[in-house]
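Encoded as structure tokens, the structure appears first; notes follow it.
In this text the structure is predicted, and so the values were computed from the model without any measurement.
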Amino acid sequence: MRVETLFKRLKREFIKVNLLQACLDTLMFFLSVNLVLFLFSLSITSYLPNNQALLLLSTVFFLFDLSYRSKNYQLELYEQKNPELHEILRTARDNLEKNNIASQAMFDELMDRSRKVTSESIIPSKRIIQKVL
């Protein structure tokens, strides 16, 4: 059914938002730790240069941050940020297994409305601007 494709598309948008935030968090982590290591002339390990060790630490941090952010995928986030989808998504979830004319019409309307939904509608832009600055 086409609603499953919509739910997959919404999940991809959610992952894109989390990927953006995880990248920004990792960049902040990398730059902060690098600054501290430089200012205090510290070394992370004796057998690896600081930049390689820091790159490895940043990769681990990125994977941890991304998994932490992505573990709680909820369609309610889209419903909060896009009120026009709230009622129809709830009804679509209730009628997911049904295959009659009314359900198909509702799914068609849901697909039309969902085309207006992008990851921009759920990105916490204030937070991202703060991280970039």
Side-chain angles (χ1 to χ4, degrees):
M1 208 176 261
R2 293 183 314 206
V3 171
E4 286 87 0
T5 60
L6 169 68
F7 291 151
K8 286 179 186 176
R9 194 174 102 209
L10 290 176
K11 181 157 179 115
R12 276 194 305 268
E13 293 292 325
F14 181 77
I15 289 172
K16 282 195 278 186
V17 169
N18 287 331
L19 189 63
L20 175 65
Q21 289 192 1
C23 285
L24 289 172
D25 288 345
T26 303
L27 186 59
M28 286 175 35
F29 172 79
F30 179 85
L31 292 173
S32 301
V33 173
N34 193 30
L35 180 65
V36 168
L37 293 174
F38 174 75
L39 288 177
F40 296 111
S41 299
L42 299 174
S43 179
I44 296 176
T45 62
S46 58
Y47 55 92
L48 273 178
N50 269 353
N51 58 355
Q52 290 178 351
L54 189 54
L55 186 62
L56 183 64
L57 280 174
S58 296
T59 303
V60 170
F61 180 84
F62 172 77
L63 294 173
F64 175 75
D65 190 28
L66 185 62
S67 66
Y68 176 75
R69 289 179 178 282
S70 298
K71 73 178 179 180
N72 292 328
Y73 169 67
Q74 298 173 347
L75 280 176
E76 288 78 18
L77 179 64
Y78 290 97
E79 293 174 8
Q80 291 169 0
K81 301 293 182 178
N82 299 285
E84 67 273 4
L85 290 180
H86 177 71
E87 198 63 35
I88 201 157
L89 273 174
R90 188 167 48 118
T91 308
R93 267 191 251 115
D94 293 342
N95 296 311
L96 194 57
E97 299 299 321
K98 296 183 179 165
N99 197 10
N100 55 29
I101 295 172
S103 296
Q104 287 298 63
M106 180 191 56
F107 292 141
D108 290 339
E109 182 184 351
L110 177 62
M111 294 300 281
D112 289 339
R113 287 186 184 186
S114 69
R115 285 188 180 90
K116 299 173 189 164
V117 176
T118 63
S119 53
E120 295 169 3
S121 66
I122 61 168
I123 291 177
S125 52
K126 262 187 171 179
R127 191 124 168 128
I128 289 178
I129 290 171
Q130 288 172 349
K131 287 178 184 180
V132 168
L133 292 177

Discussion item. Between Asp25 and Phe61, is the side chain to side chain contact (heavy atoms under 4.5 Å, CB included) condition met? List the steps.
Written reply: CA-CA 9 Å; Asp25 288 345; Phe61 180 84; 4.0 Å; yes
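- Note that CZ of Phe14 is 9.5 Å distant from CZ of Arg69, once rounded to the nearest 0.5 Å.
- Both Leu27 and Phe38 belong to a single network of hydrophobic side chains, linked directly or stepwise wherever heavy atoms of I, L, V, M, F, W or Y lie under 4.5 Å apart.
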Discussion item. Let's go through Leu37 and Val33 carefully: what are the C-alpha distance in whole Å and the side-chain angles of both, what is the deciding distance for side chain to side chain contact (heavy atoms under 4.5 Å, CB included) to 0.1 Å, and is it a yes or a no?
Written reply: CA-CA 6 Å; Leu37 293 174; Val33 173; 3.9 Å; yes
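- Considering all non-hydrogen atoms of both residues, Phe30 and Leu55 come closest at CE1-N, 4.3 Å.
- The shortest heavy-atom contact between Ser58 and Thr26 is O-CG2, 3.4 Å.
- Taken from OG1 in Thr59 to CZ in Phe64, the straight-line distance is 15.0 Å, to the nearest 0.5 Å.
- A chain of hydrophobic side-chain contacts below 4.5 Å, direct or via other Ile, Leu, Val, Met, Phe, Trp or Tyr residues, connects Leu35 to Ile44.
- Put simply, the residue from Leu66, Val60, Asp65 that forms a side chain to side chain contact (heavy atoms under 4.5 Å, CB included) with Phe62 is Leu66.
- Taken together through direct or relayed side-chain contacts under 4.5 Å among Ile, Leu, Val, Met, Phe, Trp and Tyr, Phe29 and Leu63 form parts of separate hydrophobic clusters.
- For Asn50 (side chain) and Leu42 (main-chain N/O), a donor-acceptor pair under 3.5 Å exists by modelled atom type.
- Between Asn18 and Ser70, the closest heavy-atom pair is ND2-OG, 3.6 Å.
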